[in-house]
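For reference, the structure discussed in these notes is given below.
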Amino acid sequence: MQHGTRRRLAMLSAQKSGAQAFLATHGPDVRYLSGFTGSNGAVALVGGRAALFTDGRYTTQAKAEAKGMRIHVDKGSAAARAAAWIAARGIAACAYDASHTTVPEFEVLRKAIPGKLRRKFFVPANGLVAKLREIKDADELAIMRRAAALGCRLFDGVLQHIVPGATEVQVAAHLEFQARLAGVDAMSFETIAASGERSALPHGRATRTKLPKRGFLTLDFGVVLDGYCSDMTRTVHIGKASQQEWDVYHSVLEAQQAAVAVVRPGITCGDVDEAARSVLRKAKLEKAFSHSTGHGVGLEIHEGPRVAAKQQQVLEPGMVITIEPGAYLPGKFGVRIEDMVRVTARGGEVLTAASPKVWIEL
Ligand code: ZN
Ligand code: ZN
């Protein structure tokens with residue numbers, strides 16, 4: 001989708017909230033609306049007019065990335081200059097994303113406009129662009145497909161480095177080195193490599209801990225490719241497993257597959273969560289599943305929709321969510337399995353299907 005189309009859609013929803021202008025300052029939103037990837041950027045929309053504000057470090061980059069947009073380069077806060085530009089166009093109410101504006105940032109915005117406007121000018125429109133971003137268009141999906149497929153290849157490639165005595169950091173380093181060679185912008189987040197007892201930590205960042213002779217290793221990682229994040233988790237077992245390890249793994253796998261199976265337009269996020277949770281409940285692992293089932297993913301690693309208990313938001317075609325139930329037994333071990341799933345017209349398509357979820361014993 002053209003950036004211009006996205007800006008028109010953003011303007012339309014700002015108008016629905018009673019504003020005649022919209023100010024985007026959150027980095028991923030600015031990128032979504034303009035293509036600009038620099039750090040100090042703001043997009044101002046007034047009716048059919050749009051302008052990008054940034055500073056002198058980004059003159060060349062802004063012209064290359066935000067094609068066809070009016071670009072204003074000057075010193076200081078891009079957001080403040082954008083607000084002043086909107087106010088100067090005789091606008092009475094401007095929507096902005098309060099959920100991504102700190103109190104000091106808001107003060108800067110307020111001071112940028114004439115005193116007589118300050119009381120009513122800024123209208124909070126939380127998550128206005130975030131809402132648009134939940135539905136991925138064909139161009140975005142093509143990138144996310146590549147990012148997810150690369151994640152799968154990286155996982156396959158790192159298996160050979162999972163040997164007793166290697167450290168978690170070494171495993172993560174092999175994976176990240178190959179990701180860099182493959183041309184990623186960055187990793188989506190700090191790679192999680194949690195082995196042995198540490199696999200019971202849902203967010204066990206890679207440490208210098210050595211992989212055990214017998215035990216699980218949970219790898220949760222993602223790459224950023226052309227701005228879009230991938231996210232996947234696989235748990236493998238080193239050495240021979242106990243019956244309990246085998247059972248918990250297969251309960252989590254069953255829960256994960258049950259949630260993937262119910263993905264379709266019209267179902268609520270809460271129902272997807274419940275599909276996974278009910279399997280773990282039956283396996284008496286409900287308390288061991290201590291987080292929500294998943295989240296939307298895109299320009300940001302965590303975005304809408306939230307796939308959590310009782311969430312009433314309905315899945316729509318074009319959304320990309322993760323499904324990542326887990327079970328964590330403190331002091332013993334933990335298991336998590338995560339795929340990226342695209343909501344299609346009729347169901348769901350697993351984007352990380354190239355990496356098998358079957359039991360892997362190394
Ligand atoms: Zn993950
Ligand atoms: Zn995730």
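Since we're looking at a predicted model, the values are computed, not measured. As the structure lists them, so they are numbered: ligands from 1, and atoms in each ligand from 1.
Summary: NE2 is the N/O/S atom of H295 found nearest to the Zn ion (ligand 2).
Not a single N/O/S atom of H302, whether from backbone or side chain, sits less than 2.8 Å from the Zn ion (ligand 2). At least one N, O or S atom of D231, from either the backbone or the side chain, sits less than 2.8 Å from the Zn ion (ligand 1). The Zn ion (ligand 2) has no N, O or S atom of D220 under 2.8 Å away, backbone or side chain.
A cation-pi arrangement is not found for R31 relative to F36, the charged atom failing to lie both closer than 6.0 Å to the ring centre and inside a 45° cone about the ring normal. Judged by the 6.0 Å and 45° rule, R277 forms a cation-pi pair with F289.
Not a single donor-acceptor pair under 3.5 Å links the side chain of R342 to the backbone N or O of R145.
One distance of note links CG of L217 with OG of S195; it measures 6.0 Å at 0.5 Å rounding.
With the Zn ion (ligand 2) as the vertex, OE2 of E338 and OE2 of E324 span 80° to the nearest 10°.
Checked for salt-bridge contact, D220 and R336 meet the test: a charged N lies under 4.0 Å from a carboxylate O.
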